[in-house]
Amino acid sequence: MPELPEVETTLRGIAPHLRGACIDRLLVRERRLRWPIPADTERRVRGQRILGLDRRGKYLLLELERGTILIHLGMSGSLRIRAADSPPAKHDHLDLCFQGGQCLRLRDPRRFGVFLWTPEPPAEHPLLAHLGPEPLEPGFDGDYLYARARDRRCAVKPFIMDAGLVVGVGNIYANESLFRAGIHPARACNRIGRERYWRLAAAIRAVLTSAIEQGGTSLRDFVRDDGSRGYFSLSLQVYGRAGEPCPGCSAPIRLRRIGQRSSFYCPRCQT
DNA sequence: CCGGACGCCTGTCGGC
DNA sequence: TGCCGACAGGCGTCCG
């Protein structure tokens with residue numbers, strides 16, 4: 001579910017509630033997420049203040065006085081601020097409860113998400129250590145993509161979805177970015193020129209920025225911290241639109257699996 | 001080292 | 001209406 005814009009939207013929603021808050025307790029109802037939540041996690045985080053929040057790729061970071069909580073929403077995760085004494089719904093796997101009666105509640109039906117406390121600097125954690133650059137920060141540009149594509153042979157779509165290359169670009173935004181850049185998703189990444197990679201880098205930044213401004217994309221289960229839905233779905237040009245006319249040339253949008261993921265593209269506009 | 005396939009889970013949707 | 005397979009926004013691991 002959540003790609004970079006959804007995670008950023010979540011971060012902006014919860015940060016005002018969490019910054020400076022003191023953790024009263026962690027209530028875990030279901031430990032079996034992507035990796036089981038270790039039994040000592042409750043003890044590790046209890047009584048600690050949240051000094052700050054950050055995002056790295058699709059990971060949310062809660063910086064504590066000692067250590068950091070890493071949260072990943074997987075395919076179906078969402079976070080909401082609730083009263084700690086409100087009844088949990090199905091798949092509400094844990095509450096991070098604060099002094100004052102509020103809690104951060106994680107819902108994740110498919111349980112592909114992550115909730116881990118780590119004592120080390122988050123950048124050194126094995127899950128984060130090999131991540132590529134942030135697409136919205138300096139250093140991510142056409143030259144970077146071009147250089148990294150020299151020794152690769154895969155299709156450009158799985159190339160830009162590789163978190164070791166650049167973080168945060170999932171299936172929806174990969175499809176949308178390639179459409180805006182006019183690049184066919186199955187084109188070999190080493191057969192794209194520097195010029196076109198500059199267009200692609202710009203497209204990725206524009207799509208992600210626009211999606212963040214619109215609160216992310218709500219297809220089915222993504223909700224913001226206050227329960228509202230993002231409306232970038234209204235701006236999707238190709239994702240989920242197989243058979244519909246291309247917004248540019250009216251040719252029917254095509255659907256095809258590339259790298260085990262559904263890929264939507266215009267066969268005329270994207271080469 | 002790379003690329004491709006697989007598996008982890010539950011929910012939903014379309015076809016029969 | 002019910003059943004069954006396919007598919008879903010991610011990603012670590014395994015295999016060739």
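Each chain gets a letter, A, B and so on, in the order the sequences are listed, and its residues count up from 1.
Comparing dC7(C), dG9(C), dC2(B) by their nearest atom to the side chain of E6(A) picks out dG9(C).
In the region residues 141-151 of chain A, proximity to DNA chain B at under 4.0 angstrom, judged on heavy atoms, holds for none of the residues.
Residue K90(A) places at least one side-chain N or O closer than 4.0 Å to OP1 or OP2 of dG11(B). Side-chain nitrogen and oxygen atoms of H72(A) include at least one within less than 4.0 Å of the OP1 or OP2 phosphate oxygen of dC11(C). Taking 4.0 angstrom as the limit, R34(A) places none of its side-chain polar atoms (N or O) nearer than this to OP1 or OP2 of dT13(C).
Exactly one residue among F264(A), F232(A), Y239(A) makes a ring-ring contact (aromatic ring centres under 6.0 Å, His included) with Y173(A). That residue is F232(A).
Side-chain contact of R105(A) with S86(A): a donor-acceptor pair under 3.5 Å is present, judged by distance alone.
Pairs passing the salt bridge (charged side-chain N to carboxylate O under 4.0 Å, His left out) check and including a residue from residues 153-177 of chain A, sequence neighbours excluded, read R152(A)-D162(A).
By the 4.5 Å side-chain criterion applied to Ile, Leu, Val, Met, Phe, Trp and Tyr, L61(A) is assigned to a cluster that also includes W35(A), Y59(A), L70(A), V114(A), L116(A), L127(A), L128(A), L131(A), V167(A).
Residues satisfying the side-chain contact (heavy atoms from CB on, under 4.5 Å) criterion with R111(A), sequence neighbours excluded, are E30(A), R32(A), L33(A), H93(A). Considering only residues two or more places apart in sequence or on other chains, F140(A) meets the side-chain contact (heavy atoms from CB on, under 4.5 Å) condition with P135(A), Y144(A), L145(A), V166(A), A201(A), I204(A), R205(A).
For the pair F112(A) and dC8(B), the ring geometry qualifies as stacking, because the centroid separation is below 5.5 Å while the planes lie within an angle under 30°.
Listed by first residue number, the stems of DNA chain B with at least three Watson-Crick or G-U pairs below 3.5 Å are B:2-8 with C:10-16, B:10-16 with C:2-8.
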